[in-house]
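So that the names make sense, note that chain A is the first sequence line, chain B the second, and so on, each numbered from 1. Fair warning: this is a prediction, and the values are worked out from it, not measured in the lab.
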There are 2 protein chains.
Amino acid sequence: MYSAVMSMSTPERLIEATRELLWERGYVGTSPKAVQQAAGAGQGSMYHHFAGKQDLALAAIRRSAEELGAAAEAVLGGGGSAYARIEAYLRRERDVLRGCPVGRLTMDPEVVADPELRAPVEEVLGRVRGRIAEVVQEGVDSGELSGSLDPAEIAATVLATVQGGYVLARATGSRAPFDTAVRGLLALLAA
Amino acid sequence: MYSAVMSMSTPERLIEATRELLWERGYVGTSPKAVQQAAGAGQGSMYHHFAGKQDLALAAIRRSAEELGAAAEAVLGGGGSAYARIEAYLRRERDVLRGCPVGRLTMDPEVVADPELRAPVEEVLGRVRGRIAEVVQEGVDSGELSGSLDPAEIAATVLATVQGGYVLARATGSRAPFDTAVRGLLALLAA
DNA sequence: GTCTATAGCGCGATAGAC
DNA sequence: GTCTATCGCGCTATAGAC
């Protein structure tokens, strides 16, 4: 990881450093200076490649959203029954105590207030939600899941459980509540 | 509301202003100066009543946690069946697009890193979770809810759905996904 | 209890040398 | 493409007058 960072171009290192800091501290809590230090880049270098904090954050957010979408698609588009794919999505490896690198940004007033910054967040969460709904629909069609379920509703519940699981985990300093919430949801889906 | 603020003591106005700003902008994004302006108090006045930003935030967070616990207890300890009380909790009036004044703080690195600031957050979310579990247990005991459900798990799922619902709503700028997630969860519980 | 003054530092950004 | 210097401002806090 360190050697990988070393071999990156300056813009790449700036984007990766911004992603880390945005994840950890949010937009309001992330300063250009901190980004430069983490990336090992100078002031002038940063402002040469990016117009400013907002521009750099935009590149970082877009990449994190892309990565999240790909990770979700990898499990939701994988093999197995509908239930198995939803379970795989819920149980996929996550750095639970760090929170969701994308969902976290919704608590940032300056991200939500800026249409450009909010767009990738809204887009990817909407896309994942739609993708989960498709899988639920498949499960309903095949009789694997109850026909009384509304796929769009269940998809929102699944995504909300994950996003809320992060909150509960961070509140306690342990990932346990996340896993507990996931087990509860899976039990409800299996019934 | 305005006249209510006007008639408050200076410490009261400072705490209330801090609660609003913490809710809106988080701990990192809230400055003593902004608090003073919102409270109509001077610099010296604030530092006379409170030791600093952390001390003031502590008072504000404790009050918000207390208020959240009371609001939850009001519906969960009310009348009706177990399902009805959980539904009442899920559907209780919320300023969805503003997010949860308590849950929001878990995304703040300085709150999570400070045991004193995190304690009220952890305590109240744990208490509400326990209270929901009790209600689920009652539902299981009375046969109203499936006996295969683990009350602690379902409680975590219920709370996570609410906390995650805020995230989805803020991502889209609409409360609709929150309500959709809640409907999905209620459908699963009713099945 | 509240005020003003001041501190030392970091913010986000620009300018211009190299 | 990267550097250092500088800007104007806000941060969190302290000091001491009133």
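By the 6.0 Å and 45° rule, B:R91 does not stack over the aromatic ring of B:F178.
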Would you tabulate the side-chain donor-acceptor contacts of residues 33-44 of chain B under 3.5 Å, counting partners in other chains and residues two or more places apart, or write 'none'?
residue: B:Q36; atom: NE2; partner: B:P32; partner atom: O; Å: 3.3
residue: B:Q36; atom: NE2; partner: B:Q43; partner atom: OE1; Å: 3.0

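Atom CG of A:D55 is separated from atom P of C:dG12 by 15 Å (rounded to the nearest Å). The distance between atom NE2 of A:H48 and atom C1' of C:dT14, rounded to the nearest whole Å, is 15 Å. We find that CG of A:L21 is positioned 15 Å from C1' of C:dC11, with the value rounded to whole Å.
Under the 4.5 Å side-chain heavy-atom criterion for Ile, Leu, Val, Met, Phe, Trp and Tyr, B:L188 and B:V136 are members of the same hydrophobic cluster.
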Readout for nucleotides 3-18 of chain D: B = base within 4.0 Å of protein heavy atom, S = sugar-phosphate only, - = neither; 5' to 3' it is BB------SSBB----

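Looking at residues two or more places apart in sequence or on another chain, you find no side chain to side chain donor-acceptor pair (under 3.5 Å) involving B:S31.
Judged purely by atom type and a 3.5 angstrom limit, A:R62 has no side-chain atom pairing as donor or acceptor with the backbone of A:P120.
Contact annotation: B:T10 side-chain N/O to C:dG1 OP1/OP2 distance is not under 4.0 Å.
Separation of atoms OG1 (A:T30) and CZ (A:R19) is listed at 13.5 Å; rounding is to 0.5 Å.
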